[in-house]
*Asks:* 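My questions will all concern the structure given below.
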There are 2 protein chains.
Amino acid sequence: MNKSEIKVISVLERVGGFASAQQLHQLLLRGGESIGLTSVYRALQSLVDDKIVDQLRKDDGEAIYRLCGEAHHHHLVCKSCGSTVEIEGSALEKWAKAMAEEHGYREVGHLAEVFGICPKC
Amino acid sequence: MNKSEIKVISVLERVGGFASAQQLHQLLLRGGESIGLTSVYRALQSLVDDKIVDQLRKDDGEAIYRLCGEAHHHHLVCKSCGSTVEIEGSALEKWAKAMAEEHGYREVGHLAEVFGICPKC
DNA sequence: AGCACAAATGAAAATGATTTTCATTTTCGT
DNA sequence: ACGAAAATGAAAATCATTTTCATTTGTGCT
Ligand SMILES: [Zn+2]
Ligand SMILES: [Zn+2]
Ligand SMILES: [Zn+2]
Ligand SMILES: [Zn+2]
């Protein structure tokens, strides 16, 4: 655990969710830290290898990261105004796990989001 | 539906699964077709917009594509090799509907994807 | 402290997929 | 056939990420 990794973990804690390498780098600089983008990438890769950080891809292919410990949850998003509600996902978790086991997949994760028009809109 | 899109659809039919833009381009050239890489990308983007083709991302961020059946379904995707299985989603459908109703949302849709490491990898 | 060697750092260059530009070609309606 | 609009693709641009490599920092030993 070197200095860069500690800095990256601390900014991930502050963020409390997903962020890209470039966002994290900017946040660190703005927070007064001195760190190169290369080191941010290296630290993130190492933390992912050590399973301290989760990595996944946005639709545009950019990688986003979050601390593994962050509470896992899902959103109900309004297609019109963008307001979001955190929703309970135990049924979904069971489904994802069952589907993965049924096909022999390991190291399982999932993404799920529900869209609609909220009552206000 | 222009010539490029037709060529891309036909090669996707031949492939019968996921392939990257570059792979599809190579396959088309080897098959004797004359088409530029730019047109392959353009055709794929257009087909994705029209929901004729599914696009997703491998772990390394590269986009892979395949023809999409009309029926609504979900995927179990291997994070490592990109192989996918179509999975049964009735439990998920119920969950999404219940969550939306609980919060008074209308015109509900959802996105869900399960990922892991397949038995082969 | 002084020295040697390994690890860490980051600027700059390289990589590679994807997108954009733009000049040329093809298609289509009149 | 003529002109406008769409399609095409080569080359350049973009952009996240990785690699290189020279420099700095940390660590153990004398
Ligand atoms: Zn709304
Ligand atoms: Zn979940
Ligand atoms: Zn696999
Ligand atoms: Zn569904």
Side-chain angles (χ1 to χ4, degrees), chain A residues 1-12 15 17-67 111, chain B residues 1-12 15 17-68 77-84 113 115:
Chain A
M1 185 78 57
N2 56 39
K3 285 181 183 175
S4 299
E5 290 171 23
I6 290 169
K7 288 177 185 174
V8 166
I9 287 177
S10 81
V11 73
L12 277 171
V15 166
F18 281 103
S20 70
Q22 320 254 356
Q23 288 174 326
L24 294 171
H25 182 226
Q26 286 304 312
L27 287 171
L28 281 165
L29 294 187
R30 282 187 213 128
E33 292 287 356
S34 167
I35 186 172
L37 181 56
T38 308
S39 295
V40 173
Y41 273 108
R42 251 193 303 248
L44 284 169
Q45 195 50 63
S46 165
L47 292 169
V48 168
D49 291 345
D50 295 347
K51 303 202 196 302
I52 294 167
V53 162
D54 278 338
Q55 171 182 24
L56 54 92
R57 298 272 170 184
K58 290 192 299 178
D59 274 355
D60 66 0
E62 192 180 16
I64 51 179
Y65 308 84
R66 76 163 173 202
L67 282 182
L111 282 178
Chain B
M1 184 79 59
N2 57 38
K3 284 181 182 174
S4 298
E5 290 171 21
I6 289 170
K7 289 178 184 173
V8 166
I9 287 177
S10 81
V11 74
L12 277 171
V15 167
F18 277 101
S20 70
Q22 320 254 355
Q23 287 174 326
L24 293 170
H25 182 227
Q26 286 304 311
L27 287 170
L28 281 164
L29 294 186
R30 282 186 213 127
E33 292 287 356
S34 168
I35 187 172
L37 181 56
T38 309
S39 296
V40 173
Y41 274 108
R42 251 193 304 246
L44 284 169
Q45 195 50 63
S46 164
L47 292 169
V48 168
D49 290 345
D50 294 348
K51 303 201 196 303
I52 294 167
V53 162
D54 276 339
Q55 171 181 23
L56 51 93
R57 297 273 169 181
K58 290 192 300 178
D59 245 9
D60 65 1
E62 192 181 16
I64 51 180
Y65 308 83
R66 82 157 174 194
L67 281 181
C68 179
V77 186
C78 176
K79 285 190 278 194
S80 166
C81 69
S83 70
T84 67
E113 204 150 67
F115 45 88

*Asks:* Whole angstrom is fine here: how far is it from CD in B:Glu33 over to P in D:dG9?
*Replies:* 10 Å
*Asks:* Take the protein atom CG of A:Leu47 and the nucleotide atom P of C:dA8, then report the distance between them rounded to whole Å.
*Replies:*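 My rounded result for the distance is 13 Å.
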*Asks:* Whole Å only: how far is the CG atom of B:Leu24 from the C1' atom of C:dT18?
*Replies:* 14 Å
*Asks:* So, applying side-chain contact (heavy atoms from CB on, under 4.5 Å) with A:Tyr65, which one of A:Val40, A:Leu44, A:Val15 is it?
*Replies:*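 Among A:Val40, A:Leu44, A:Val15, the one that satisfies the side-chain contact (heavy atoms from CB on, under 4.5 Å) with A:Tyr65 is A:Leu44.
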*Asks:* Can you check whether B:Glu62's main-chain N or O pairs, donor with acceptor, with B:Asp60's side chain at less than 3.5 Å?
*Replies:* yes
*Asks:* Quickly work out the B:Ile35 CD1 to C:dT26 C1' distance and round it to whole Å.
*Replies:* 15 Å
*Asks:* Whole-Å distance between C:dA17 C1' and B:Asp60 CG?
*Replies:*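 My rounded result for the distance is 10 Å.
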*Asks:* Out of curiosity, B:Ile64 CD1 to B:Gln55 CD, how far, rounded to the nearest 0.5 Å?
*Replies:*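 So the gap between those two atoms works out to 9.5 Å.
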*Asks:* Any side-chain to backbone donor/acceptor pair from B:Gln23 onto B:Ser20? Under 3.5 Å, distance only.
*Replies:*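 Side chain of B:Gln23 to backbone of B:Ser20, a donor-acceptor pair under 3.5 Å: yes, one is there.
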*Asks:* Report the distance from atom CG of A:Asn2 to atom P of C:dA8, rounded to the nearest whole Å.
*Replies:* 5 Å
*Asks:* Within the sub-3.5 Å range, which N or O atoms of nucleotides 17-27 of chain D have a protein N or O partner, and how far apart are they?
*Replies:*
from: D:dT17; atom 1: OP1; to: A:Ala63; atom 2: N; distance (Å): 2.8
from: D:dT17; atom 1: OP2; to: A:Tyr41; atom 2: OH; distance (Å): 2.5
from: D:dT17; atom 1: O5'; to: A:Tyr41; atom 2: OH; distance (Å): 3.4
from: D:dG26; atom 1: OP1; to: A:Lys3; atom 2: NZ; distance (Å): 2.9

*Asks:* B:Ser34 near the nucleic acid: base, sugar-phosphate alone, or nothing, with a heavy-atom cut-off under 4.0 Å?
*Replies:*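 If one applies the 4.0 Å heavy-atom cut-off, B:Ser34 turns out to touch the sugar-phosphate alone, with no base involved.
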*Asks:* From C:dG10, C:dA8, D:dT8, pick the nucleotide closest to the side chain of B:Ser4?
*Replies:*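 Shortest atom-to-atom distance from the side chain points to D:dT8.
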*Asks:* Between C:dT18 atom C1' and B:Gln23 atom CD, what is the distance in whole Å?
*Replies:*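 Whole-Å distance recorded here is 15 Å.
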*Asks:* B:Ser39 side chain N/O closer than 4.0 Å to the phosphate oxygens (OP1, OP2) of D:dG9?
*Replies:* yes
*Asks:* Within the side chain of B:His25, is there an N or O that forms a donor-acceptor pair under 3.5 Å with the backbone of B:Thr38?
*Replies:* no
*Asks:* Please confirm whether the backbone N or O of B:Ser34 pairs with a side-chain atom of B:Lys7, one donor and one acceptor, at under 3.5 Å?
*Replies:*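 Side chain of B:Lys7 to backbone of B:Ser34, a donor-acceptor pair under 3.5 Å: yes, one is there.
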*Asks:* Could you tell me the separation between the CG atom of B:Leu44 and the C1' atom of C:dT19, rounded to a whole number of Å?
*Replies:* 13 Å
*Asks:* Using a 3.5 Å distance criterion without hydrogens, assess whether the side chain of B:Asn2 forms a donor-acceptor pair with backbone atoms of B:Ser4.
*Replies:* yes
